[in-house]
Amino acid sequence: MEIFALILGVVYGLIVGIVPGAGATTGLVAVYSFIHYFYDPYHAVIFCMAVVAASTTADTYTSILLGIPGANSAAATMVDGHPLALQGRGTYAISAAITTSTINGLIWGTLVFFFFPYYANVMLFFGTPELWMFTILAMTCVVFISNSYPIRGIIALVIGIVLGLVGIDPQTNFDRFTLGWDYLADGIQLITLVAGLFAVPEMLEGLRRNQPKASSTSNTKQTIDGIKVVWKNKWLALRGGFLGALVGALPGLGGAVSDWMAYGQAVATTKNPNPPFGKGNIRGVIGPEGSNNAQKATSMVPTVLFGIPGASFAAVLMGIFAYLDFELGSIDLIYDTQFFHSMTYGFLWATVLVAVIGFFATKYVVKIVNIPYKYYFPIILTIIVVACVQYTGGWEDYVMFGLATTLGICAKRFKFNRAALLIGFILAERVESLTIQTFSLYNIPDLFTRTTFIVLVVLTIGVFIYGLKKVRNSKLEFV
């Protein structure tokens, strides 16, 4: 059954990966509608990790062949990958992208998943004050690094926190922020908010875009040349993987940040580029593709160890795993060796299988890419809606889905940081409880006698200063 779960996850991940605007987050949201069919929860874990690995690699196809990123994290690849496809070198670009993603996915996947049980020792350095400060660091990262509009990011974060506190106040046992609607007594459901913030707005964007025909065949020479060029630029590929791993380990940032950082270092380290970047330079593909799978792997570190999602897809995974009775961020989970075996098996083997499919079946995958978006849009939307209305099955679920979707569309339109809103929502109750515990048990002088706490404070201040300087130096809007 393990191999069946793996193959099913790879096939499903490939399909959602090549859908413009979908990617891992949307694919995982839809998983809610059928995850209960897995009788063994560990097989469900294998399936989910296979979906993450497969969709991350597969979104390269639409980015390169159509000039439409399968997910936000693939936008950097599109800049030089699509011009190469227009020049008739699409297979060359895809081969280079898949080779780079696979290598870094295997390297960082191995470092993360095989050694995950040993990372439990890190939690020994985290008491209540450290967990509180780490949560503040996560929020600072997502506001000041992952977005160019920090004031809007702060507003989005506050909105997310308020939404996360909707329900019963644990201190008074009275309704809080429910506006008298009994439906909200148990709070807003995570899956509904994620679907509204990320899945539906990106799908609508994909529907709006013009989708030109893709043209690529299984050109053996181009495939081999793509592999060779990665070897020629191996240090660039590894640097991209390192940047992806670094960003993934910081909670809340997501793949788009690491991909653009990797693309930037590709540009910065290339003297006299020929052709120029943006015109089909293969280094512009290798750099960001190096970060893709690496970021997905290391995003699981804060997600599993601390219950703080490393990216939007990880937030959905948290909800799925909670449904499967795996409590991320708990000490008990660290000693569940079968859970980590399932994660390792699903991610690493899916990475290998997708690479094999990519190298030998490109012309068949292109046939799927060329299906007009209007045909599979209603199918995916229906699956997502079904996943979001399973809470009560009543009209309230549909109303909440509509409200969440409206919020997501408005946030996307006016450039409010949706990742910050989601992080605020997920961490709201944790921030509240940790704040009460920290300042009830410790006074401020005591806190600054704790080495780990001080390190986290310094990191938080550093992220804050870096974020402000980035905005000022880039001459971007501060508001």
Side-chain angles (χ1 to χ4, degrees), residues 13-24 54-105 202 205-206 209-230 233 236-237 240 244 255-256 259-260 262-263 266-267 275-293 354-371 373:
L14 278 171
I15 293 173
V16 298
I18 63 178
V19 173
S55 61
T56 301
T57 301
D59 62 25
T60 299
Y61 283 95
T62 49
S63 298
I64 292 175
L65 298 178
L66 301 179
I68 303 174
N72 287 335
S73 59
T77 301
M78 176 187 68
V79 177
D80 281 283
H82 188 53
L84 281 167
L86 295 178
Q87 298 165 17
R89 306 176 71 195
T91 302
Y92 171 63
I94 290 172
S95 175
I98 291 176
T99 302
T100 310
S101 293
T102 302
I103 291 172
N104 280 287
E202 298 306 326
E205 178 69 14
R209 290 171 175 149
N210 181 35
Q211 183 177 335
K213 284 284 185 178
S215 59
S216 182
T217 58
S218 291
N219 187 314
T220 304
K221 183 180 186 305
Q222 287 194 21
T223 299
I224 295 174
D225 288 344
I227 297 172
K228 287 181 177 179
V229 78
V230 173
N233 295 278
L236 172 65
D259 279 18
W260 284 111
Y263 184 83
V267 174
F277 284 94
K279 302 294 184 181
N281 192 310
I282 193 62
R283 287 175 63 87
V285 173
I286 295 173
E289 282 300 314
S291 75
N292 261 348
N293 288 42
V354 173
V356 173
I357 293 172
F359 287 135
F360 296 103
T362 295
K363 64 180 180 181
Y364 302 109
V365 175
V366 171
K367 294 181 184 297
I368 301 176
V369 174
N370 278 325
I371 298 174
Y373 190 59

Q: Look only at the side chain of Asn281 and the backbone of Pro275, and say whether a donor-acceptor pair between them is shorter than 3.5 Å.
A: yes
Q) Okay, side chain of Ser101, backbone of Glu289: is any donor-acceptor separation there less than 3.5 Å? A) yes
Q) In Å, rounded to the nearest 0.5 Å, how long is the span from NZ of Lys279 to CD of Gln87? A) 10.0 Å
(Q) Rounded to the nearest 0.5 Å, what separates atom CG in Asn292 from atom OG1 in Thr77? (A) 5.5 Å
Q: Might you point out which heavy atoms bring Ala262 and Pro288 nearest each other, and give the distance in Å?
A: CB-CA, 3.8 Å
Q: Grab the two heavy atoms, one from Gly81 and one from Ala93, that are nearest each other, plus how far apart they are.
A: O-CB, 4.4 Å
(Q) Could you tell me if the side chain of Thr91 sits less than 4.5 Å from the side chain of Thr223, heavy atoms only? (A) yes
Q.
Whether the side chain of Gln222 engages the backbone of Gly88 through a donor-acceptor N/O pair (distance < 3.5 Å, no angle test) should be reported.
A. yes
Q. Closest approach of Gly280 and Pro83, non-hydrogen atoms and distance?
A. N-CB, 3.7 Å
**Q.** Side-chain heavy-atom pair Ile282, Leu84 within 4.5 angstrom cut-off
**A.** yes
Q: Please round to the nearest 0.5 Å and tell me the distance separating atom CD1 of Ile286 and atom CG of Asn233.
A: 4.5 Å
(Q) I need the Thr99 OG1 to Ile94 CD1 distance, nearest 0.5 Å. (A) 11.5 Å
Q) Taking C-beta and beyond as the side chain, do Ile98 and Thr57 meet within less than 4.5 Å on heavy atoms? A) yes
**Q.** Check: Ala237 main-chain N/O paired with Asn104 side-chain donor or acceptor under 3.5 Å
**A.** yes
Q) Taking all non-hydrogen atoms of both residues, which atom of Ile64 and which atom of Ala85 are closest, and how far apart? A) O-CB, 3.2 Å
Q) So which heavy atom on Thr60 is nearest to which on Ala97, and how close? A) CG2-CB, 3.5 Å
Q: Please identify each residue that fulfils side chain to side chain contact (heavy atoms under 4.5 Å, CB included) with Ala58, with sequence neighbours left out.
A: Leu14, Ile18
